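Predicted, not measured: the structure shown is a model, and the values here were computed from it. So that the names make sense, note that chain A is the first sequence line, chain B the second, and so on, each numbered from 1.
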Amino acid sequence: MPPDRVHTAPVPELPEVETVRRQLAPQLRGRTVLATWSFGTPKFDQAHLAAGSTFGPLDRRGKYLLAALDGPDGERELVLHLGMTGRLGVRPGPIDGPIDGPIDGPTGTHLRAAWELDDGTTFEFHDVRRFGRLAVVDHGDHDGLPTLAHLGPEPFDDAFTPASLRAAVARSGRAIKTQLLSQRPVAGLGNIYADEALWDAGIHPRATRLGTQRAAALHDAIRRVLDAGIRHGGTTLRDYRDATGAEGSHQHRLRCYGRAGRPCLRCGLPLRRTVVDARTTTFCPTCQAR
DNA sequence: GGCTGGCCCTGTACGC
DNA sequence: TGCGTACAGGGCCAGC
């Protein structure tokens, strides 16, 4: 089997979103929105609801960024999801929009929303494929965002334990990979880190139950791969850039994702590609036997 | 309430 | 060289 062809656009997952959050938080906090612009489709047009508000702390839940807003309508929240190709950044100068096409600048292309700030800069949301979205909601009111409303525990919180992981998986008969991507057993995993964690723990992506030992192994593996991703500034295979426009470096350390046909780093036999839940999945048929 | 399948969307790779 | 097609995938939603 030839090596996996990697021409896809891996989405920002928890490490990438956390990297962006750490960079943006100090740039946004205390800044007041003077003007707004949006692409005009339902996924982005709530950008206007932030007009006149002042940014507070920038938090993260799973792959969602939550920016506190203090404004004329009380305490609200700007919720941002980067989808597959979303990029955020702050650049000098006023709003340039309307733009739908390649533009110059550090944050990418295809502007979808922009917030002009009171220090002469503009906070921008670029998203080529428009799988990203944003919403302005009352603080903590996530009913309109079902995945966020039902998000599992944060992977580094005490609430995420081997027992909680095992119990969450036991509530469904679906494949473990599908469940991890659902964000319910734990928040923040996407296709890359799900494959990496399952390989690390030696668990087949179509397994439907976890014993005590395997739940502990997967729990530890999830924390390990996400922590490594954050330390390396995220994974860039093509599209992802952080808030400064820089690439991450974790792509050089991937041990499973995108390596189908290449030798498993544990047993030396070829990794295999399959499809689980309509997502490309790489695994080792020997180390991750069912 | 849980599960499945379809849809959104666009850049890239590949075959002809 | 240029065109057409397949593919990638997170979240939402309708239907079962």
On DNA chain B, check which nucleotide each of A/Lys43 and A/Arg184 is closest to and give me the residue with the more 5' one.
-> A/Arg184
Given atom CG of A/Leu181 and atom C1' of B/dC3, what is their separation to the nearest angstrom?
-> 15 Å
To the side chain of A/Asn191, which of C/dG9, C/dC12, C/dC7 is closest?
-> C/dG9
For A/Gly132, which contact category applies under a 4.0 Å heavy-atom criterion: base, sugar-phosphate, or nothing?
-> nothing
Has A/Phe131 got its ring stacked on the base of C/dG9, with centres under 5.5 Å and planes less than 30° apart?
-> yes
Less than 4.0 Å between a side-chain N and a carboxylate O, is that true for A/Asp127 and A/Arg133?
-> no
Using 4.0 Å as the upper bound for N to carboxylate O, is an ion pair formed by A/Arg255 and A/Asp200?
-> yes
Salt bridge A/Arg61-A/Glu154, side-chain N to carboxylate O under 4.0 Å = yes
Please report how far the helix from B/dG2-C/dC16 to B/dC16-C/dG2 bends, comparing the axis fitted to its first five pairs with the axis fitted to its last five, to the nearest 10 degrees.
-> 40°
When rounded to whole Å, the CG to P distance for the pair A/Asp277 and C/dG9 reads 11 Å
Closest to side chain of A/Tyr64, choosing from C/dC7, C/dG10, C/dG11 = C/dG11
Compare the minimum distances between each of B/dT4, B/dT10, C/dG10 and the side chain of A/Arg174, then state the nucleotide with the smallest one.
-> B/dT4
How close or far is atom C1' of C/dG10 from atom CE of A/Met84, stated in whole angstroms?
-> 7 Å
Expressed in angstrom and rounded to an integer, what is the separation of A/Leu148 atom CG from C/dC12 atom P?
-> 8 Å
B/dC9 phosphate, OP1 or OP2: any side-chain N/O from A/Thr85 under 4.0 angstrom?
-> no
Rounded to whole Å, NE2 of A/His81 lies from P of B/dC9 at a distance of 17 Å
Write down the atom of A/Asn191, the atom of A/Leu181, and the distance for their closest heavy-atom approach.
-> N-CD2, 3.7 Å
Out of B/dT10, C/dG11, B/dG2, which nucleotide sits closest to the side chain of A/Gln183?
-> C/dG11
Which listed nucleotide (C/dG9, B/dT10, B/dC3) is nearest to the side chain of A/Ser172?
-> B/dC3
Assign each of A/Thr178 and A/Thr41 the nucleotide of DNA chain B bearing its closest heavy atom; nearer the 5' end lies the nucleotide of A/Thr178
Mind checking A/Arg133 for me? I need base, sugar-phosphate or nothing, with any heavy atom below 4.0 Å counting as a touch.
-> sugar-phosphate
Just how far, in rounded Å, is P of B/dC9 from CZ of A/Phe39?
-> 9 Å
Kindly indicate whether the side chain of A/Leu254, heavy atoms from C-beta on, has any atom under 4.5 Å from the side chain of A/Glu196.
-> yes
A/Leu145 side chain: which of C/dC12, B/dG11, C/dG9 is closest?
-> C/dC12
Does any N or O donor sit under 3.5 Å from an N or O acceptor when you compare the side chain of A/Arg279 with the base of C/dG10?
-> yes
Does A/Arg112 make a cation-pi contact with A/Phe39 (under 6.0 Å, within 45 degrees of the axis)?
-> yes
Donor-acceptor under 3.5 Å (A/Gln183 side chain, A/Gly62 main chain) | no
Whole-Å distance separating the CZ atom of A/Arg171 from the P atom of B/dG1 | 14 Å
Short side-chain to backbone donor-acceptor contact, A/Gln46 and A/Val136, under 3.5 Å = yes
Selection from C/dG9, B/dC3, C/dG11 that lies nearest to any side-chain heavy atom of A/Lys63 = C/dG11
Tell me whether the OP1 or OP2 atom of B/dG11 has a side-chain N or O from A/His110 closer than 4.0 Å.
-> yes
Taken to the nearest whole Å, CG/A/Leu82 to C1'/B/dT10 is 17 Å
